[in-house]
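A short worksheet on the structure shown next.
Excluded from the calculations below are hydrogen atoms, water molecules and symmetry mates; all remaining heavy atoms, backbone and side chain alike, are included.
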Amino acid sequence: MSVSLAAAGFLSLNAAAATGAGTSFSVSGCCKFGLQVVLGSGAPATAIIVLQGTLDTAADDTACHWFTLATWDVTSVASGDIVFAVDKPVAKIRANCTTLTTGTNKTVTAKLAAV
């Protein structure tokens with residue numbers, strides 16, 4: 001039996017070259033999430049991207065209270081790997097790059113999925 005994805009391929013961070021939060025997406029009704037991170041050709045030595053969620057529904061993300069659902073860390077997973085959060089019903093999700101080595105082509109791209 002297969003389960004349809006509510007959404008796949010949300011591009012939250014697109015070749016981000018600095019730390020900061022990416023685009024958020026409404027996922028009300030979902031409780032399982034995936035975060036896939038791909039490093040730029042400069043392969044940063046340090047890169048930590050967190051999948052964040054919020055129960056708030058405000059259109060302005062700065063008015064929301066964000067918390068960590070899952071963490072992708074280059075020291076423990078490879079570029080292209082996916083980390084998951086299960087049984088975490090939230091209203092919105094986003095990727096947030098909290099740590100990144102800067103320099104030429106040292107970027108991260110983060111895609112999200114929700115079920």
Side-chain angles (χ1 to χ4, degrees):
M1 179 176 145
S2 66
V3 175
S4 297
L5 286 175
F10 286 136
L11 186 59
S12 186
L13 295 170
N14 187 9
T19 59
T23 304
S24 69
F25 301 94
S26 177
V27 292
S28 291
C30 297
C31 65
K32 299 174 185 171
F33 307 99
L35 164 66
Q36 180 182 39
V37 177
V38 176
L39 301 177
S41 61
T46 58
I48 298 173
I49 295 77
V50 294
L51 172 62
Q52 295 180 316
T54 183
L55 296 174
D56 298 322
T57 58
D60 179 3
D61 283 349
T62 61
C64 296
H65 298 89
W66 295 94
F67 57 93
T68 299
L69 298 170
T71 301
W72 185 100
D73 186 333
V74 73
T75 62
S76 58
V77 292
S79 178
D81 282 354
I82 302 173
V83 295
F84 299 94
V86 179
D87 297 334
K88 305 286 185 181
V90 294
K92 297 192 316 186
I93 58 172
R94 71 180 182 186
N96 188 352
C97 180
T98 60
T99 304
L100 182 65
T101 303
T102 58
T104 304
N105 295 322
K106 294 188 183 307
T107 62
V108 293
T109 297
K111 292 184 181 178
L112 313 176
V115 177

Quick one: list whatever passes side-chain contact (heavy atoms from CB on, under 4.5 Å) with Lys106, sequence neighbours left out. Pro44, Thr101
Nearest atoms (heavy-atom pairs only) where Ala85 meets Ala70: CB-CB, 4.3 Å
Would you name the heavy atoms of Asp56 and His65 that are closest together and state the gap between them? OD2-N, 2.5 Å
Does the side chain of Thr71 reach to within under 4.5 Å of the side chain of Val83, using non-hydrogen atoms? no
Spacing of Ile82 atom CD1 and Leu112 atom CG [to the nearest 0.5 Å]: 11.0 Å
Can you see which heavy atom on Ala47 is nearest to which on Val108, and at what distance? CB-CG1, 4.2 Å
How many angstroms lie between atom CD of Gln52 and atom OG1 of Thr98, to the nearest 0.5 angstrom? 8.5 Å
I need the minimum non-hydrogen distance between Thr109 and Ala15, along with the two atoms involved. OG1-N, 3.0 Å
Let's go through Val38 and Ser79 carefully: what are the C-alpha distance in whole Å and the side-chain angles of both, what is the deciding distance for side chain to side chain contact (heavy atoms under 4.5 Å, CB included) to 0.1 Å, and is it a yes or a no? CA-CA 5 Å; Val38 176; Ser79 178; 3.8 Å; yes
Using the rule that two of Ile, Leu, Val, Met, Phe, Trp, Tyr join whenever any of their side-chain heavy atoms come within less than 4.5 Å, decide whether Val77 and Phe33 are in one cluster. yes
Quick check: do Leu13 and Ile49 have side-chain heavy atoms less than 4.5 Å from each other? yes
Looking at CG of Leu35 and OG of Ser12, how far apart are the two atoms once the value is rounded to the nearest 0.5 Å? 8.5 Å
Do Val90 and Val27 pass the side chain to side chain contact (heavy atoms under 4.5 Å, CB included) test, and can you show the C-alpha distance, the side-chain angles, and the key distance before you say yes or no? CA-CA 7 Å; Val90 294; Val27 292; 4.1 Å; yes
Note: Cys64 and Ala58 closest approach over all heavy atoms is SG-O, 3.8 Å
Taking every non-hydrogen atom, the tightest pair across Cys30 and Ala114: SG-CB, 3.9 Å
Straight-line distance of Thr107 OG1 to Leu39 CG, nearest 0.5 Å: 7.5 Å
For the atom pair CH2 (Trp66) and NZ (Lys92), what is the distance rounded to the nearest 0.5 Å? 5.0 Å
Is there a path of hydrophobic side-chain contacts, each under 4.5 Å between heavy atoms, that joins Val50 and Phe25? no
Does any donor atom in the side chain of Thr62 or Asp60 lie under 3.5 Å from an acceptor atom in the other side chain? yes
Does Ile48 belong to the same Ile/Leu/Val/Met/Phe/Trp/Tyr cluster as Leu51, with side-chain heavy atoms less than 4.5 Å apart forming each link? no
Suppose the criterion is ring-ring contact (aromatic ring centres under 6.0 Å, His included): which pairs have a residue in residues 71-115, not counting sequence neighbours? none
To the nearest 0.5 Å, tell me how far Leu69 CG sits from Thr54 OG1. 9.5 Å
Heavy-atom check, side chain of Thr23 versus side chain of Leu11, under 4.5 Å: no
